[in-house]
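Input: a single structure, listed below in structure tokens.
Just so you know, these numbers use all the heavy atoms, side chains as well, and skip hydrogens, waters and symmetry mates. Everything numeric in this text was worked out from a predicted model, so none of it was measured.
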Amino acid sequence: LGLWFYEVAGLSWATRKVAAALFATPPTGSHAEALAHFEAAEALSPGFYLKNQVCLAKCSLALKDKPAARRWLASAAAMAPKSADDEASLAEAKKLLASL
């Protein structure tokens with residue numbers, strides 16, 4: 001659910017207008033809502049999914065909270081990948097962390 005809110009929050013103005021033309025009510029979402037969902041998932045099972053921590057960091061960056069983003073990225077970068085998805089998320093975490 002957090003990823004859905006994150007993606008909707010990042011829609012461009014043009015995409016929102018197209019969605020408004022296709023749907024009676026275009027989808028809405030915010031980075032704050034996405035963050036709340038990612039935090040809830042992390043609270044249920046801390047460290048369960050490397051990508052969740054990367055998403056927490058990306059939401060924090062979108063909300064201009066660099067210290068929180070750094071903490072989440074450092075945590076993600078310290079995790080051992082368990083799948084190809086984790087390896088991609090780990091690479092993304094390291095790249096984002098290096099850019100801060």
Side-chain angles (χ1 to χ4, degrees):
L1 201 55
L3 194 52
W4 187 86
F5 278 102
Y6 181 80
E7 293 296 330
V8 169
L11 291 177
S12 69
W13 176 85
T15 304
R16 288 182 192 275
K17 286 297 183 183
V18 170
L22 295 174
F23 304 103
T25 304
T28 61
S30 69
H31 290 113
E33 288 171 303
L35 182 67
H37 288 286
F38 289 128
E39 286 175 335
E42 194 65 27
L44 288 173
S45 185
F48 77 102
Y49 189 40
L50 204 149
K51 186 171 183 172
N52 193 66
Q53 292 192 1
V54 173
C55 289
L56 280 159
K58 289 167 76 173
C59 284
S60 296
L61 284 172
L63 295 169
K64 310 225 184 300
D65 187 354
K66 282 188 178 182
R70 272 193 197 94
R71 283 192 305 275
W72 285 118
L73 290 170
S75 177
M79 292 175 71
K82 299 173 190 160
S83 67
D85 187 46
D86 281 354
E87 288 178 17
S89 294
L90 180 60
E92 183 178 11
K94 288 179 178 180
K95 182 179 176 182
L96 285 170
L97 189 57
S99 73
L100 292 181

If every non-hydrogen atom of [X] is compared with every non-hydrogen atom of [Y], which pair is closest and at what distance?
X     : Y      : result
Val8  : Gly29  : CG1-N, 3.5 Å
Ala34 : Cys59  : CB-SG, 3.7 Å
Ala69 : Leu100 : CB-CD1, 4.4 Å
Ser89 : Lys51  : OG-CB, 3.4 Å
Ala77 : Leu97  : CB-CD2, 4.4 Å
Ala76 : Gln53  : N-OE1, 3.2 Å

Lys58 side chain near Leu96 side chain, heavy-atom distance below 4.5 Å: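 Yes. Closest side-chain heavy atoms under 4.5 Å.
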
Side-chain heavy atoms of Glu42 within contact of Trp72, under 4.5 Å: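 Yes, their side chains come closer than 4.5 Å.
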
Test side chain to side chain donor-acceptor pair (under 3.5 Å) applied to Asp65 - qualifying residues, sequence neighbours left out: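 By the side chain to side chain donor-acceptor pair (under 3.5 Å) rule, Asp65 matches no residue at all.
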
Residue list, side chain to side chain donor-acceptor pair (under 3.5 Å) with Asp86, at least two apart or on another chain: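 Partners of Asp86 by the side chain to side chain donor-acceptor pair (under 3.5 Å) criterion come out as none, since no residue qualifies.
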
Can you get from [X] to [Y] by hopping between Ile, Leu, Val, Met, Phe, Trp and Tyr side chains that sit under 4.5 Å apart?
X     : Y     : answer
Leu3  : Leu56 : yes
Leu61 : Leu63 : no
Phe23 : Val18 : yes
Phe5  : Leu35 : no

ring-ring contact (aromatic ring centres under 6.0 Å, His included) partners for Tyr6, two or more places apart: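 Partners of Tyr6 under the ring-ring contact (aromatic ring centres under 6.0 Å, His included) test: His31.
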
Gap separating the [atom1] atom of [X] from the [atom2] atom of [Y], nearest 0.5 angstrom:
X     : Y     : atom1 : atom2 : value
Leu73 : Lys95 : CG    : NZ    : 13.0 Å
Lys17 : Thr15 : NZ    : OG1   : 12.0 Å
Tyr49 : Lys82 : OH    : NZ    : 12.0 Å

